[in-house]
Amino acid sequence: MRITSIQLTDFRNYERAELRPCEGITVLYGNNAQGKTALLESVVLSCTGRSHRTPRDRELIRWGQDAGRVFVRVERRDGSHEVEMLLSQQRRKTVKVNGRALQRTGELMGHVNSVLFAPEDLRTVKDGPAERRRFIDMELSQIRPAYYYALQRYAHALMQRNRLLRDIPLNPALRDTLEDWDAQLARHGADIMTMRAAFVREVSEAAHENHLEISGGREDLTVRYAPSLDAGGEDPARALLAALAVAREVDIRRGATAVGPHRDDLVLALSGMDARVYGSQGQQRTAALSLKLAELDIMRRALGEAPALMLDDVMSELDPKRRRHLLRRLEGVQTIVTCTDLSDLAEAEIGAAWRIQDGSIRPEGGDEA
Ligand SMILES: Nc1ncnc2c1ncn2[C@@H]1O[C@H](COP(=O)(O)OP(=O)(O)OP(=O)(O)O)[C@@H](O)[C@H]1O
Ligand SMILES: [Mg+2]
């Protein structure tokens, strides 16, 4: 897959701009706070319908403006696809694919695909479980629309149930309606758990390979799914429903749902030892890089072509060995890299470089694009 055009109007700090990334490595360089991440963010938005930085679309519209627009064109094996997002201060955004407005955001999946690697990702291992769930959600949503829908329905049911839990002490008659939400949580939650388990097995295999290579065959990385509830051999929906029933009184007291995929985690282990607890900082970073590259491998396999890869300021965070490994993996993958210093990319074969300055995209060394 290849992105041929990214057009922004009143998006973040861009008034109007277009980037036409090249086939190989496109570099966006510039000082801090000029709009490098914003450009990548617009691509993430076109892939998943959601920014990786905020759940609120309004923050994406240029300050003082009423509406914003993102347009992305890609060439895939089956031809060209165009995704357009119309952001509005007043209404929910309109999403169009090839000129046709979509009814559901889920239909967006599979037109533009990308993997984003940002400095935050280097902390996937060290940070809390939410980061690791986000890793699964971002990727799996792009390759399996059913997962995206299950996530949405689950999140909705969870919000309703939690609201109810907090209302019950004030209005005990509401207790009877809990069962409906429990049933919905169990059904969608079980779908999520099943898809996560299968996906994590794939991730573990691919991450293991990558890690072995980066560590020069010395380290053995495994990734294990750690669901908040172990169904044993049982039907996960039934197990989840039973667990929700058991936790009910505690949940009412706490006003929150204690069990379910919103509490899942991943365990990364190096030679069997939890990398989060025992890994050195370097090992944790390598594991995070292996995980990201696994994401790229899995997506490429699932799509039958490589997604675009976006590296947001990670080069400066990697040591030369990891950097070289990453660069080796870029062959045949359209890549957009951001950096503040071009020397971070000294070893890379750059196709095109653009300077990002105050919301404008200028040719290298030039003044105006
Ligand atoms: N809705 C908005 N309207 C206008 N400007 C915005 C909006 N949201 C963010 N900005 C500004 O856009 C600028 C670009 O932010 P961005 O994160 O893309 O910078 P960056 O080039 O990636 O910087 P860094 O190197 O620090 O990561 C920032 O100055 C930010 O304050
Ligand atoms: Mg940035």
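Bear in mind that the values here come from a model prediction, so they are computed numbers and not experimental data. Read the numbers this way: they start at 1 and go in the same order the structure lists the ligands and their atoms.
Side-chain heavy-atom separations under 4.5 angstrom define the hydrophobic clusters, and the remaining members of the one that includes V277 are M273, Y278. Cluster partners of I252, using a side-chain heavy-atom cutoff of under 4.5 Å among ILVMFWY residues and allowing indirect links, are L164, L165, I168, L174, L178, W181.
One finds no salt bridge joining R329 and E331 here, because no Lys/Arg side-chain nitrogen approaches an Asp/Glu carboxylate oxygen to under 4.0 Å. Look at E120 and R123 and you find no salt bridge, because none of the NZ, NE, NH1 or NH2 atoms lies under 4.0 Å from a carboxylate O. Taking 4.0 Å as the cut-off between side-chain N and carboxylate O, R196 and D137 count as a salt-bridged pair. Under 4.0 Å is where a charged nitrogen must lie from a carboxylate oxygen, and between D57 and K93 at least one such pair does. The pair R2-E305 fails the salt-bridge criterion, with no side-chain N (NZ, NE, NH1 or NH2) lying under 4.0 Å from an Asp/Glu carboxylate O.
Tally of protein N, O or S atoms closer to the Mg ion (ligand 2) than 2.8 Å: 1.
Side-chain contact between L39 and I361 is present, with heavy atoms from C-beta onward closer than 4.5 Å.
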Contact table, ligand 1 N/O with protein N/O, distance under 3.5 Å:
from, atom 1, to, atom 2, distance (Å)
ligand 1, 1 (N), E59, O, 2.9
ligand 1, 1 (N), I61, O, 2.8
ligand 1, 1 (N), W63, NE1, 3.3
ligand 1, 3 (N), R12, O, 3.1
ligand 1, 3 (N), W63, N, 3.0
ligand 1, 8 (N), R12, NH1, 3.2
ligand 1, 17 (O), R53, NH1, 2.8
ligand 1, 18 (O), T37, N, 3.4
ligand 1, 18 (O), A38, N, 2.9
ligand 1, 19 (O), G35, N, 3.4
ligand 1, 21 (O), Q34, N, 3.1
ligand 1, 21 (O), G35, N, 2.9
ligand 1, 21 (O), K36, N, 2.9
ligand 1, 21 (O), K36, NZ, 3.0
ligand 1, 22 (O), T37, N, 2.9
ligand 1, 22 (O), T37, OG1, 2.8
ligand 1, 23 (O), A33, N, 2.6
ligand 1, 25 (O), N32, ND2, 2.9
ligand 1, 25 (O), K36, NZ, 2.8
ligand 1, 26 (O), N32, ND2, 3.1
ligand 1, 26 (O), A33, N, 3.3
ligand 1, 29 (O), A33, O, 3.3

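Side-chain contact check for T257 and R161: at least one donor-acceptor pair (N or O, by modelled atom type) lies under 3.5 Å.
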